[in-house]
Every structure is written in structure tokens, then in C-alpha cells.
Amino acid sequence: MTELTNSPLPTNNSNLLKNKWVGAFMRSRWYPGIIQWPTLIVFMFIMFELLLGPSAAHDNFGTALTWVLWWPIIPIMFLFLGRFWCAICPFATLNDLVQKFVGNNRPVPKFLKKYGIWIIDALFILITWSDHVWGVVENPLGSGVLMLTLTTGVVFSGAFWERRTFCRYICFLGGLSGNYARNGMLALSGTPEICKTCTSASCYKGTEKAPGCPLFEFPKTMTSSANCNICADCLKNCPNDSIQLTLRPPTKELWFIRKPKIEEAFLSAVIMGIVFVQNVTMLEVWGSMLAWLEGITHTQSYYVNFTITFAISMLIPIALLGLASLVAQKFNGESLLQNFTRFGYAIIALDMAGHIAHNLFHLLAEGKSVIFTGLALVGQSLGHDLSPALVSPEIIQMLQFALIALGFAGSLYTAYRIARANFPAEKVWGTFVPYAALMVVLGVLNIWLFILPMAMRM
Amino acid sequence: MLLLLLASPITALADGGEDEFTQTLDGYRVTLVFEKPLASGANQFHIQVSDAHDQTVSNAQVEVRLVEAKAEHADAEESTSQSDTHGMGSMPEAGHTKAEQPTSESDMHGMEGMSGMETSPTALPDEHDEMGMVAFTAGHEAGEYAGEIAIAGAGEWTIRVHLTVENHLVEFDFPIHVAGSQAGSNILLGFFAINVVILGSAATLKLKPAKA
């Protein structure tokens, strides 16, 4: 029972691998290749469309598949399947291919190990900023360039460094998925009783059956799903049948982070800022806000005015988290930085909810554009002036509110559990209340942003 | 690399690299001034409006839409055919006909009466429009109106400007040509070359025997 309540990766009887179909599929040599290879083919087609297809996002099938279908679905996938996307990601497949033929398999550079998450944080901020000032999403060529840049990074990493260095230490989506996977409902782990007697470390090193863990994890000591992509290599390699795949309540891992890291807490605050900026710039009032800002800065430069908006959006959640940590410091005696680091993880649930809710608008309000642009590829049309919406704006808004409510509840409860797991009973409420107030403020901000009318992506 | 590439977007230039288009019609001179060379994608530009006395017109309502040129021709043909059948005049299409042939000021004056009509919200149907009317807002200078249109891709297009002054609508059609772009192929080739260099270097290093 103690194991169940205090371990982020619980061992229990709900091992999905005991299901003969799931177990056999994941142990088979077809997994994950049977999903990986078609994904790579679709990705290549998307690249072709983005670079050589229609130049207007509205008409580009690649844009529709990437930003209207894939991007909104991916955070939902993280919630239900953890970091599984990373197992079938076309960039990862490309990395493995390059490694197979020309890989030098050098150790991961120390600077990447030390600053990996900071690099991911910086890349995430930079890419989001670039998208707004140069139009990556609304410009198929820009999206194509982004994909090609990532491809080049992956090729370089696969050519010189071992395993999936890029995915673990550089990929911005990997950083995002790592954070979200902690919140996810699927967890892979070793069985402690079995692993403690094992000396082979086959799961980490690899065997003739499968390579070692591509993300440098050791299931024997793994305490987080952040860097497990459920590729099942460890499952195939384990001589003791120790690996288990279990379902868990969302956010559970966040309650027991053993070694919280400032860069990961910072990333969760940054993601909230990115959700804000994505929402704000797609609001119909954005034009008026920009005009107001132009009046203050006395410049019409979008670079300047957007950068100011961007910085403010990033700073709001960071500052609010800092403020809550400052207040909590008075009650629990830990430093501001320790509190910031520990409780930053609590925002992840609301991050994820805000992210899904924002993209739900694009998926449900523009979803048919995938069909329209797909038909246009083969010279077909369903006619002009058809709505791309799958459901009414009222339903979308209701779903957005419901998601934010769930995210808020998740973050609130996580903050409480973190306080309970780390402080004596008399300090729990004093620590929890400032973070509860933080979640209320962030929740209300999100709700307010979703009340305002939003513009389309395509 | 990403920053450099994104910071210098490759655009498809309009024929001759023109960034201004002017027409005079019904006593009004309308000039389209593009802030950047005309390209596929979003194009910000402003419109200058002046009257027959060369005075700026600041109280106009300016709306713009983009029409695919071939679709517009189809409309014109269909309209002519219908007009013949029903024995009706073709006045509403007259403005289109003129606009497809940008002419000198004197030529335009000769057709003044044909394009002028009272504003009617139902007078603007066009099934082939790539986008709806975009209302341009007053710019920084008197008689200047600014806004943005998105051009879907290379080819022949018509920028249709609806100028409404004191309930009097004048329609201007500016035929434009957006040249095709090799940007995608060039970028693909550039990245391909970089990746070949990386793979070549890795293969060479891999083959190199380890030092004792």
C-alpha cells in the first residue's frame, strides 16, 4: 500500500502487459515499427506539401494536417499515452536510420546533459516567438523550414551522438512531452522486487533482441515517465519479465517528484505563458491591443510590440509562481527557489488543459479544412464558402471551460499533494494556500481568454 | 539558420517589380501602394484616394477583395450570356471590363457613367472570390487607407477595390500577376546539401580507424 501511495510509478495488478493482445503486440518485432514507418511516410508527404504545395496556409494540406490535426491532438495523446508519440515520431525514426548507417555513437556532450532542459526551454520560447513574428504556422514555407531545421538537427545528432540524444536533450517537443507525460495516465516501470536482484542491466544496455533505452533511462531506477517513450525496447530486453505498463490517475506522478529541477519548473511556467500568448494573439481584440501598444511604444514595429507582449505573457506566470513561492516561504521555511522548483510542477495540469483547450478550437472550428485541402489535392471541391467547423462555437467554448476546470482541479490538488508530501502537517495549509490562490488566478485568466472571440489558424 | 531563413522570406515578385498600381475612374484616382514587393501570402498595402481636383478623399469607405482572374472572366462571360438572353443591359459588369484593361486617365473618363452605381449590399455576389471584402482603415495620411490581403499563390489575380464616397460606389479592378516561386525547391536543396555534408562527415569519421 505504501508503494501505491508514495511511488510515482506504482506497481499493482493492473499491468496492461498481462493482457495477451497488448503484451504480445508490444513484445513483437513489429512494434513500434508498424506505426513508426507509416508516420514517417506521412511526414515526408507533409514536408513535400509544405515546401512545394500551395503557398497559402488556407489551401495547404500539409498545414492543415500539421497545425489543425496533429498539433491539437498531440497534447491529448500525452495525457492518455504519455510520451508514446516520441516512439513513433518521424524525427526519431530518422535519427535511428542515420545512426544505423553512419552513426559515430559518441557520448552525449556534457553541456547537453547539464543544460539540456534550459536549451529546450530556450528553443521553445524562440520557436514560439519566431512563429509570431515570421509566421511559421500561417506560412507553409515557414512550417517547412521549421521541419527541415529540426530534421537537420536530428541528422546531426544521429550521425555523431549515441541513442536519441536529440530527443532527450534538444527537442522542444520532447521537453514539452516530458513535462506532460508526468501528468499522463500511462506509466512504464520495472517491478522493484524483480529489478533489485537483477545485475544484467539489459534494459539499459540492450541485447540482440533490441537496442538499449533510446532515452538513456534505466527502468530499475526510473522514477518518472518524463523520459519514457513506451518504445518497449526494455520490455523485449528484460530477461526477468520485470517491465510493467500501468494506468494511473492523471497528475499522480507530480505529487511525488523526488528531485525537482528548477529548469523543469520554469518550463511549466513558460508553457503557461505560451498558452497565454497563443490565446492573446488569436483574439479578435489583438489588433486593438497592438494599436494601443503602438501608442505607448511610439513604434509600429511588430517585432518590438509583439516581443513586449510576449515577454509580459511569459513573465506573468513566472512572476505569479515566484510571488506564491515568496508567500509560501513564510509558512514552510524553504527558500523561494526551493518552493518555486517544487511547486512549479503543479502548474503542469493547468498547462496541459490550457494547451488542449486552445488547440481544441483549431481542431473543432477548422477541422474540416483537412478534408477540404485533402480533396483539393486530387482536384475535388465540396464548394466554396463551406464552414470548416466540426461543431458549433458554443460547444467548443463549453468544452474549453470544462477542460480548464479539470486542469484547475488537477493543479490545485497537485499543489496540495506536493505540500502534503513534503511538509509536516502544521505547514501543509500555509504552504498550499498561496499556490491555491495562484491556480485560481491562472484558471481565471485562462477562462477569460477563452470567453473572448478567437480568430482562425487557417 | 532557422532565424536567418525565416528573417528573409523569399517572395514572388509581381511583374516588373512594381509596387504601385494607379487607376482613375469616375473622377477618383486610386493608387495601390504595396509596402513590400507583391508576393503570394499576406500582403500589407495602402490605398491613396484623391478626387478629380487632386484633393485627398478622407471620408471614403474602402473595401478590397481578391478575385482569381480566370474565375472573374468566367463570371463576365456568364453575365454577358445572361444579359443577352434576358435582353438586359450589362452595366454592372461594365466596371469589370474596364478594370481588366488598365488605361490612361482620359480613356477612363470616357466610361464614367457605366461604373458608377448606388451602394447596394446585394450588388456584390461573386462565387469565385477567394476571400470576402476586407475593409481598409484610415491610414496615417489624409486620403490613405491601409489593410492586408492574402494571395493564395502564383498566377493571375484581380484586386477589386470598392470605393464608396457619399453613398456612391465606384469599383476598380487591378489585374496583377504573381510570379511562381522556386523558394520551396531552393530551400529543400539547401537543406539537402547541408545534410549531405553532415552525413558525409559522419561516414568519414566512422571509417577513420581509432587512434592507438
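Letters A, B, ... mirror the listed sequences (proteins, then strands); counts begin at 1.
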For B:G184 and A:L141, which heavy atoms make the closest approach, and how far apart are they? CA-CD1, 3.6 Å

Residues, nucleotides or ligands: over 12 heavy atoms within 6.0 Å of A:W118 CH2: yes

Has A:Y302 got more than 12 heavy atoms of other residues, nucleotides or ligands less than 6.0 Å from its OH? yes

Counting only heavy atoms not in A:F45, do more than 12 sit closer than 6.0 Å to its CZ atom? yes

Which heavy atom of B:A202 sits nearest a heavy atom of A:N104, and at what distance? O-ND2, 3.0 Å

Rounded distance [0.5 Å steps], CG in B:N186 versus CG in A:L51: 11.0 Å

Exercise: identify the closest heavy-atom pair between B:N195 and A:T151: OD1-O, 4.2 Å

If you round to the nearest 0.5 Å, how far is CE of A:M47 from CZ of B:F191? 8.5 Å

Taking all heavy atoms of A:K100 and all of B:K206, pick out the closest pair and write down the distance. O-NZ, 4.0 Å

Chain B heavy atoms under 4.5 Å from A:F160: which part of the residue, side chain, backbone, both or neither? side chain

To the nearest 0.5 Å, what is the distance between CG on A:L52 and CG on B:L188? 6.0 Å

Take a 6.0 Å sphere around CZ of A:F306 and say whether it holds more than 12 heavy atoms from other residues, nucleotides or ligands. yes

